[in-house]
Chemist: 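Mind having a look at this structure? Questions to follow.
All residue numbers in this chain count up from 1 along the given sequence. The basis for the numbers below is simple: all heavy atoms, side chains too, and nothing from hydrogens, waters or symmetry mates.
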Amino acid sequence: MFYLDTYVIPVKKNRLDEYKTMSKLSAQVWLDHGALFYTEALADDVSLGDLTSYYKSVDLKDDEVLVTGFAVYKNKEDRDRIKKEVMDDDRMKKMDFDNAPFDMQRMYWGGFSSITALGGIEQPKL
């Protein structure tokens with residue numbers, strides 16, 4: 001099975017184009033270092049929820065939009081190696097995270113081992 005990194009982040013609506021540019025560069029960097037797949041998506045059909053919700057998880061403001069994304073790897077060892085390489089990549093180091101179009105303090109993420117994997121990504125031979 002695969003290993004996934006996933007995250008949810010609030011992005012300023014008026015800086016969404018800037019974020020999309022960062023997203024495309026990030027995707028390329030992750031793929032260049034060996035991720036099998038990388039995607040980001042805007043929330044457009046997400047309920048608010050009574051007790052919990054994606055929106056509440058990041059304390060989404062009226063001037064923000066919710067973005068989620070994930071990267072797929074062969075396994076956790078590849079993920080750990082790729083993540084280190086990505087953070088050391090000059091293209092990532094040039095990004096101005098102090099003036100980012102999102103609030104990193106309200107971002108959350110985590111790594112997950114897959115339990116089901118079907119679809120267009122060929123499963124690695126283990």
Chemist: Applying side chain to side chain contact (heavy atoms under 4.5 Å, CB included), name anything that partners Asp98, two or more places apart in sequence or on another chain.
Modeler: Asp96

Chemist: Please enumerate all residues that pass side-chain hydrogen bond (donor to acceptor under 3.5 Å, both in side chains) together with Asp78, with sequence neighbours excluded.
Modeler: none

Chemist: Does any N or O in the side chain of Arg15 come within less than 3.5 Å of the main-chain N or O of Ala100, such that one atom is a donor and the other an acceptor?
Modeler: yes

Chemist: To the nearest 0.5 Å, tell me how far Asp5 CG sits from Phe112 CZ.
Modeler: 9.0 Å

Chemist: State, to 0.1 Å, how close Val65 and Leu16 come at their nearest heavy-atom pair, and which atoms those are.
Modeler: CG1-CD1, 4.1 Å

Chemist: So, using side-chain hydrogen bond (donor to acceptor under 3.5 Å, both in side chains) as the criterion, who are the partners of Asp63 when residues are at least two apart?
Modeler: Lys12

Chemist: How long is the span from the OG1 atom in Thr68 to the CG atom in Leu42, to the nearest 0.5 Å?
Modeler: 10.5 Å

Chemist: What closest approach, in Å, do Leu4 and Ser114 show between heavy atoms, and which atom pair accounts for it?
Modeler: CD1-CB, 4.0 Å

Chemist: Using the side chain to side chain contact (heavy atoms under 4.5 Å, CB included) criterion, which residues pair with Arg91? Sequence neighbours excluded.
Modeler: Leu25, Gln28, Val29, Asp32, His33, Asp89

Chemist: Not counting sequence neighbours, which residues clear salt bridge (Lys or Arg N to Asp or Glu O under 4.0 Å) with Asp88? List them please.
Modeler: Lys84

Chemist: Flag yes if Tyr7 and Leu66 sit in one hydrophobic cluster, no otherwise; membership is Ile, Leu, Val, Met, Phe, Trp, Tyr, and two members link when side-chain heavy atoms are under 4.5 Å apart.
Modeler: no

Chemist: Going by the rule side-chain hydrogen bond (donor to acceptor under 3.5 Å, both in side chains), which residues pair with Lys76 if we only count those two or more places apart in sequence or in a different chain?
Modeler: Asp80

Chemist: Keeping to residues at least two apart or across chains, list the side chain to side chain donor-acceptor pair (under 3.5 Å) pairs with something in residues 47-58.
Modeler: Ser57-Tyr108

Chemist: In Å and rounded to the nearest 0.5 Å, what is the OG to CD distance from Ser23 to Glu18?
Modeler: 12.5 Å

Chemist: Could you list the residues that satisfy side chain to side chain contact (heavy atoms under 4.5 Å, CB included) with Met87, not counting sequence neighbours?
Modeler: Trp30

Chemist: At their closest point, which heavy atom of Glu40 faces which heavy atom of Val67, and how far apart are they?
Modeler: OE1-CG1, 3.6 Å

Chemist: Is there a side-chain contact between Leu36 and Tyr73 in this structure, where contact means two heavy atoms from C-beta onward sitting under 4.5 Å apart?
Modeler: no

Chemist: Do Tyr3 and Glu77 pair up side chain to side chain, a donor and an acceptor below 3.5 Å, judged on atom types alone?
Modeler: no

Chemist: Give a yes or no on whether Trp109 and Val46 share a hydrophobic cluster (residues Ile, Leu, Val, Met, Phe, Trp, Tyr; joining criterion: side-chain heavy atoms under 4.5 Å apart).
Modeler: no

Chemist: Side-chain heavy atoms under 4.5 angstrom apart, residues restricted to Ile, Leu, Val, Met, Phe, Trp, Tyr: same cluster for Val11 and Val8?
Modeler: no

Chemist: Please find the pair of heavy atoms, one from Asp62 and one from Lys13, that lie closest to each other, and give the distance.
Modeler: O-NZ, 3.0 Å

Chemist: Do Tyr19 and Val86 land in one hydrophobic cluster if side-chain heavy atoms of ILVMFWY residues count as linked below 4.5 Å?
Modeler: yes

Chemist: Please identify each residue that fulfils side chain to side chain contact (heavy atoms under 4.5 Å, CB included) with Asp17, with sequence neighbours left out.
Modeler: Lys20

Chemist: Salt bridge (Lys or Arg N to Asp or Glu O under 4.0 Å) with Lys61: which residues, sequence neighbours excluded?
Modeler: Asp59

Chemist: Between Ile82 and Ala35, what is the shortest heavy-atom contact and its length?
Modeler: CD1-N, 3.5 Å

Chemist: Can you list everything that forms a side-chain hydrogen bond (donor to acceptor under 3.5 Å, both in side chains) with Ser26? Sequence neighbours excluded, please.
Modeler: none

Chemist: Between Pro10 and Leu60, what is the shortest heavy-atom contact and its length?
Modeler: CB-CD1, 3.8 Å

Chemist: Nearest 0.5 Å, what's the CZ-CE distance between Phe102 and Met107?
Modeler: 6.5 Å

Chemist: Please check if the number of heavy atoms outside Leu48 that lie under 6.0 Å from its CG is greater than 12.
Modeler: yes

Chemist: Quick one: list whatever passes salt bridge (Lys or Arg N to Asp or Glu O under 4.0 Å) with Glu64, sequence neighbours left out.
Modeler: Arg106

Chemist: Output, in order, the C-alpha distance, side-chain angles, deciding distance and verdict of side chain to side chain contact (heavy atoms under 4.5 Å, CB included) for Phe37 and Phe2.
Modeler: CA-CA 11 Å; Phe37 184 80; Phe2 298 104; over 6 Å; no

